Amino acid sequence: MVRVDNCLCEAIRKRLPSPLRGLVDLAYNYWWSWNRRATKLWKKIDPEHWAEYKNPVKLLLDTPTHRFKELLRDDDFMNLYELVMEQFEDYINQESTWFSTNYPKWDRPIVYLCMEYGISKSLPIYSGGLGILAGDHVKTASDLGLPFIAVGLLYKHGYFKQEIDEKGNQIEIFPEYRPEEMPIRPVLDKGGKRLLVEVPIEDRTVYARAFEVQVGRVRIYLLDTDVPENSPEDRTICDYLYNADIDKRIKQEILLGIGGMRLLKALGIEPGVVHLNEGHPAFANLQRIAWLMEEGLTFTEALSVVRGTTVFTTHTPVPAGHDRFPLEEVRKRLSQFLKGREELIKLGKEGDQFNMTLLAIRTSSYVNGVSKLHAQVSRRMWQNLWPGVPLDEIPIGAITNGVHTMTWVHNEMRKLFDRYIGKIWREHTNLEGIWFAIERIPDEELWEAHLEAKRQFIELLRRKAIKRNERLGIDDPIPSIDENALIIGFARRFATYKRATLLFTNLERLKKLLNYPTRPVYLVFGGKAHPNDWGGKEFLRRVYEVSQMPEFRGKIFILENYDMGSARLMVAGVDVWLNTPRRPLEASGTSGMKAGLNGVLNASIYDGWWVEGYNGKNGWVIGEESTEPESEEDDVKDAESLYDLLEREIIPTYYGNHEKWIYMMKESIKSIAPRFSTHRMVKEYMDRFYSKAMSNHIWLTRDNYKGAKEIAGWKDRVTESWSKVGFVDVRVLDNRSGLEVLIDLDGLKPEDVRVELYYGVRAEGYHIEKPHIIELRHPRRLEGGKWLYLYRGNALKHLGNPCWHYALRVYPYHEKLPHRFLLGFVKWFGLD
Ligand SMILES: *Cc1c(COP(=O)(O)O)cnc(C)c1O
């Protein structure tokens with residue numbers, strides 16, 4: 001059990017009247033963030049404080065004691081409190097979970113490393129999609145009962161708060177967060193003192209403290225270097241999330257990867273599986289390899305253990321989006337760490353650069369992109385790491401993202417789901433069959449729930465606009481939107497590839513669209529641009545500028561400081577969720593999933609998750625239903641398509657065919673909620689990756705790393721012989737009734753390789769779309785020929801037909817190798 005410093009938490013407890021002391025346990029566990037009753041409880045204590053901070057620890061600290069005495073006499077509050085505490089305890093102590101039922105023998109934790117986590121507005125250590133995905137992953141791991149431990153960094157200023165000035169410029173405000181006021185607790189060492197992790201950076205030791213965050217049954221550990229033991233300079237390593245300064249960035253990643261693993265070791269946690277979420281934490285694997293080598297394993301043996309037990313998820317389809325640092329800069333920052341093991345740096349080397357994604361790929365066996373299309377793009381992007389391996393067989397799979405349904409479902413929708421599906425959807429979210437019950441919801445009931453979500457969102461928009469006007473002393477229009485009017489929402493990071501301004505391509509056309517008297521249309525934009533993304537900021541300024549034009553005033557609004565709090569209301573409180581990335585740059589996207597599950601209809605470019613999500617009835621495709629990459633020239637075409645869609649489909653359906661609109665809303669909910677839930681996603685990680693990595697762990701480490709030694713020995717042998725292994729002679733028998741293949745195995749045994757006939761209908765060049773693959777078995781060793789083996793194969797019916805392509809291939813095979821092309825070795829022999 002990890003020990004944490006409970007001083008502050010006990011001090012808060014003492015301030016409370018004894019019947020209410022359970023509130024402290026509730027405050028220090030983010031379980032409340034996906035439980036509406038618990039949220040309501042906090043709100044009852046002080047609605048304004050709650051709306052402002054959504055931080056229960058701060059709430060308990062700031063609330064005067066007489067208020068608690070008052071609450072003791074408030075029966076409604078006390079009843080709710082009892083109910084919430086009971087539910088909380090049931091959840092935490094639940095014995096039988098999806099995991100315990102399916103993986104009863106498992107006893108080692110899955111360790112998840114990520115640069116950012118979006119758990120709640122009150123823990124501002126996320127910037128956008130990646131962090132929120134990680135937060136949703138953690139929450140789901142808790143729901144499903146996985147033995148899951150997450151590691152990240154605590155940033156003093158977190159991600160910035162956004163203000164937009166009277167010219168539309170983004171102003172970044174970096175509040176200083178005080179750990180004492182947050183639902184996090186300092187981690188202690190065995191002696192009961194604050195734990196300090198020693199992290200080697202350059203030629204010195206940097207110290208890091210750690211905090212524990214409880215998220216249901218799962219814990220996240222956050223590291224931070226702001227301790228007096230460090231130099232003033234080192235104390236600032238974790239000041240900001242995504243520091244643009246290369247020096248800070250490398251240090252943060254060393255802290256996360258190497259520091260993260262050292263923290264776990266200090267806590268006595270031995271991972272069975274390590275999941276690197278994005279390349280940022282990949283230094284963790286250098287530390288893991290280094291430790292194994294210190295135990296006496298060779299480099300290849302150590303790498304085999306680490307590789308066999310690592311899962312890596314890549315999130316970026318843009319080559320420039322992957323972290324690359326000058327090799328010398330990394331070498332310098334790691335100088336002390338690398339002493340005596342300089343070869344480790346080669347694992348991330350790419351010319352004179354150090355590439356974090358490469359490091360992650362070379363030290364992982366289970367690599368995935370975050371949608372089917374993104375996996376395909378990633379296979380192409382990293383293809384040259386596996387020369388000769390057909391694109392479809394590059395070992396990068398797809399596990400499509402999802403969202404944590406209980407976090408993102410609107411309260412009104414949640415009630416409807418409970419009533420018409422039964423509470424089963426909360427635990428068995430990914431079962432598609434149960435969602436058909438959505439059809440039973442009477443149209444008007446669904447519509448009324450949706451209108452209520454819209455009213456709440458409009459109210460938020462108004463509140464924010466009024467506050468901004470007061471702050472700036474200006475009179476920008478305050479949204480006064482009739483909830484029956486069509487509202488289109490666009491909110492996410494203001495990265496330029498997301499093309500927030502696509503709708504402004506033709507302002508004349510837009511003007512007509514928005515201002516038709518009986519069919520008003522409103523546009524709401526939200527999102528932050530990265531502080532150094534000048535292009536993104538320019539887009540934001542442009543949106544503001546257009547919103548100020550007389551013909552658009554009161555029609556187009558910006559929601560300031562888009563964060564998890566406002567996102568929850570927005571993804572349910574508009575009618576259409578607009579998504580306009582330049583394909584294929586949206587690896588997955590998740591905001592559209594949040595919208596879709598609340599019955600908000602997606603209008604999206606055919607990219608990322610929407611390629612899998614769109615079914616012809618649950619929303620619309622902007623532009624072509626194709627997965628071809630787009631360039632800047634496609635912007636105008638896509639914009640035209642969007643205007644057409646709005647004019648011909650979206651607006652007429654909304655105003656003219658209510659029945660169809662409701663039908664589409666139901667389609668959206670039932671097709672999107674189960675498949676794009678993190679319940680489906682985490683189960684997939686578990687069944688396809690974690691469980692295999694765990695079996696590898698057992699096999700590789702058992703009996704003093706017997707398996708690791710075996711596979712490393714095999715790899716060494718194969719690597720040594722491989723250049724000489726090859727096809728010596730291939731003979732096609734008469735009438736193409738079969739073939740004989742003579743192969744030189746150069747000392748390898750037939751069981752060390754696989755020989756296959758690979759054929760099919762030719763697509764472009766030598767690419768074969770769905771190839772037939774037939775293994776040639778039972779070779780005969782040739783008398784006299786030293787390592788010559790004769791394989792016989794089947795009939796070659798279509799050989800000679802120019803549409804068909806036949807080839808033979810040989811590659812190393814070991815049953816414990818997680819993927820047949822992991823080593824990247826294969827030799828081909830073309831038959832035509
Ligand atoms: C879901 C979410 C995102 C991600 O949006 P995408 O459209 O997937 O990029 C970003 N920010 C917030 C606050 C979110 O809730």
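Order of listing sets the numbers, starting from 1, for every ligand and every atom in it. Side-chain atoms are counted along with the backbone in the values below, which use heavy atoms only and exclude waters and symmetry mates. The model shown is predicted, which means the values in this text are computed figures rather than measured ones.
- A donor-acceptor pair under 3.5 Å is absent between the side-chain atoms of T501 and the main chain of F504, judged by distance alone.
- Among protein heavy atoms, atom 7 (O) of ligand 1 sits closest to S591 OG, 2.5 Å.
- Near G589, with a cut-off below 4.0 Å to any heavy atom, the atoms of ligand 1 are 8 (O).
- Taking every non-hydrogen atom of I132 and a distance limit under 4.0 Å, the qualifying atoms of ligand 1 come out as 2 (C), 11 (N), 12 (C), 13 (C), 14 (C), 15 (O).
- Tested against E630, the residues R582, K637, R499 include a single salt bridge (charged side-chain N to carboxylate O under 4.0 Å, His left out) partner, R499.
- Ligand 1 lies out of reach of R568, whose nearest heavy atom is not under 4.0 Å from it.
- The closest approach between a heavy atom of R493 and any atom of ligand 1 is not below 4.0 Å.
- With a 6.0 Å radius and a threshold of 12 heavy atoms from other residues, nucleotides or ligands, K161 has its NZ atom at or below the threshold.
- In terms of protein heavy atoms, atom 9 (O) of ligand 1 is closest to K498 NZ, 2.7 Å.
- A donor-acceptor pair under 3.5 Å is absent between the side-chain atoms of R178 and the main chain of K156, judged by distance alone.
- Atoms of ligand 1 lying under 4.0 Å from at least one heavy atom of K594, given by number and element, are 1 (C), 2 (C), 3 (C), 14 (C), 15 (O).
- For atom 4 (C) of ligand 1, the closest heavy atom belonging to the protein is G129 CA, 3.6 Å.
- The ring pair (Phe, Tyr, Trp, His ring centres under 6.0 Å) analysis of residues 577-599, with sequence neighbours excluded, yields no pairs.
- Annotation: R455, atom CZ; neighbour count of heavy atoms from other residues, nucleotides and ligands within 6.0 Å is above 12.
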